[in-house]
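Along the sequence shown, residues are numbered consecutively beginning with 1.
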Amino acid sequence: RQAVGTAMVASTAAYQEWRTLIADEQIPYHEAMAGESIDLGGGATMRVLGPDAESFASANMNDTSLVLKISWDNVSFLLTGDIQAFGEGALLDSGADLHATVLKVPHHGSDTSSTAAFLDAVQPQIAVVSVGANNPYHHPSPTVINRLEQDGSMVLRTDQEGTVSMSTDGEHLWIDTQRGP
């Protein structure tokens, strides 16, 4: 068991609570760096794609979100946190392989993320939008949902599906939602 984060320190209550929990539970903390690869065992790997120095230069804290790509044989997951267009651009500029079976859609599907160039690089079969029902930001953006669907992605939204769980054996992918398989 280990907590993974970035060099960015936030002043939010949620961040402070998370850091307190880590300390109270004596969970080892690892500050991940872009380019790092972590062996998860059994042939699965987790690659840290961001943030990089360019992302830390952004005035927007969302672009310093931890971006991870978890791969096991033919199945991969791109977990993007709250990056926005600038962070997506930094990932594209890095030359990293962004192609993934599953995309955790950046920044709750807001208009500030999921650019056409980024989605072209990822080409997800499944796009999961983590978003609360009736949220005050009106996420996800209909434009982003249309862009995902036009690219052929199956879109799963937590405001409609509830919890979305996935499992894989590296070849197949199984999806379970709170509202049923």
Side-chain angles (χ1 to χ4, degrees), residues 1 3-6 8-22 24-25 27 32 46 49-51 55 58-70 75-91 98-168 172-181:
R1 186 165 85 151
V4 178
T6 70
M8 182 56 71
V9 175
S11 59
T12 64
Y15 177 82
Q16 295 305 320
E17 184 178 331
W18 178 66
R19 291 305 298 244
T20 298
L21 176 68
I22 291 169
D24 289 351
E25 297 290 322
I27 299 170
M46 180 171 71
L49 302 183
S55 297
S58 170
N60 188 329
M61 192 165 121
N62 286 337
D63 288 322
T64 65
S65 292
L66 189 60
V67 178
L68 304 171
K69 183 174 181 185
I70 300 172
V75 179
S76 56
F77 301 83
L78 185 60
L79 310 175
T80 58
D82 278 349
I83 62 170
Q84 296 181 10
F86 185 91
E88 292 175 2
L91 288 173
L98 301 178
H99 187 266
T101 311
V102 178
L103 170 66
K104 192 299 259 167
V105 176
H107 200 229
H108 315 285
S110 77
D111 276 329
T112 62
S113 64
S114 301
T115 62
F118 180 74
L119 294 179
D120 284 347
V122 179
Q123 298 180 355
Q125 294 173 23
I126 300 163
V128 180
V129 183
S130 175
V131 62
N134 303 314
N135 67 80
Y137 304 103
H138 307 290
H139 294 334
S141 162
T143 302
V144 169
I145 297 301
N146 287 337
R147 196 176 293 143
L148 288 162
E149 289 174 341
Q150 286 176 353
D151 287 346
S153 298
M154 172 196 293
V155 178
L156 300 172
R157 299 169 43 163
T158 59
D159 62 334
Q160 296 175 348
E161 303 293 333
T163 302
V164 176
S165 301
M166 297 185 190
S167 57
T168 184
H172 303 92
L173 180 68
W174 294 273
I175 304 169
D176 230 349
T177 64
Q178 190 175 35
R179 298 193 182 169

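In this structure a side-chain-to-backbone donor-acceptor pair under 3.5 Å is present from Gln16 to Ala10. Without hydrogens or angle criteria, Ser141 side chain to Asp111 main chain gives no donor-acceptor distance under 3.5 Å. In this structure a side-chain-to-backbone donor-acceptor pair under 3.5 Å is missing from Thr64 to Met8. The closest donor-acceptor contact from the side chain of Thr158 to the backbone of Val131 lies under 3.5 Å. Listed for the Ser153 side chain is a donor-acceptor partner under 3.5 Å among the backbone atoms of Pro124. Judged by distance alone, with hydrogens and angles left aside, the side-chain atoms of Thr101 form a donor-acceptor pair with the main-chain N or O of Ser76 at under 3.5 Å. In this structure a side-chain-to-backbone donor-acceptor pair under 3.5 Å is missing from Asp82 to Asn62. Side chain of Glu88 to main chain of Ser114: a donor-acceptor pair is present (N/O by atom type, distance under 3.5 Å, no hydrogens or angles). Looking only at distances, no side-chain donor or acceptor of Lys104 sits under 3.5 Å from a matching main-chain atom of Phe77.
Using a 4.5 Å heavy-atom cutoff, the side chains of Val122 and Thr80 are not in contact. At least one side-chain heavy atom of Val9 sits under 4.5 Å from a side-chain heavy atom of Tyr15. For the pair Met166/Val75, no side-chain contact is recorded, criterion being any heavy-atom separation below 4.5 Å from C-beta on. Between Leu119 and Val144, the closest side-chain pair of non-hydrogen atoms is not below 4.5 Å.
With sequence neighbours left out, Arg157 forms a salt bridge (charged side-chain N to carboxylate O under 4.0 Å, His left out) with Asp159. Applying the ring-ring contact (aromatic ring centres under 6.0 Å, His included) test to His108 and every residue at least two apart in sequence or in another chain returns nothing. Here Asp151 pairs with nothing under the salt bridge (charged side-chain N to carboxylate O under 4.0 Å, His left out) rule; sequence neighbours left out.
For Glu161 against Thr177, the heavy-atom pair with the smallest separation is O-CB, 3.6 Å. Closest approach of Ala32 and Val4 over heavy atoms only: CB-CG1, 3.7 Å. Residue Ser113 comes nearest to His107 through the heavy atom pair OG-CB, 3.8 Å, listed as atom of the first residue, atom of the second, then distance.
If you take CD1 on Ile126 and CG on Leu156, they are separated by 6.5 Å, rounding to the nearest 0.5 Å. How far CZ of Arg1 is from CD1 of Ile27: 4.0 Å, rounded to the nearest 0.5 Å. Atom OG1 of Thr163 sits about 10.0 Å away from atom CZ of Arg179, to the nearest 0.5 Å. From Ile175, atom CD1 reaches atom CE of Met154 across 5.0 Å, with rounding to the nearest 0.5 Å. Rounding to the nearest 0.5 Å gives a distance of 11.0 Å between CG of Leu78 and NE2 of His99.
Open room surrounds CG on Asn134; 12 or fewer heavy atoms of other groups in view lie less than 6.0 Å from it.
Between Tyr137 and His139, the angle of the ring planes stays under 30°, which puts this pair in the parallel group of the 30/60° scheme.
For the side chain to side chain contact (heavy atoms under 4.5 Å, CB included) test with Val67, the passing option among Thr6, Leu49, Leu98 is Leu49; the others fail.
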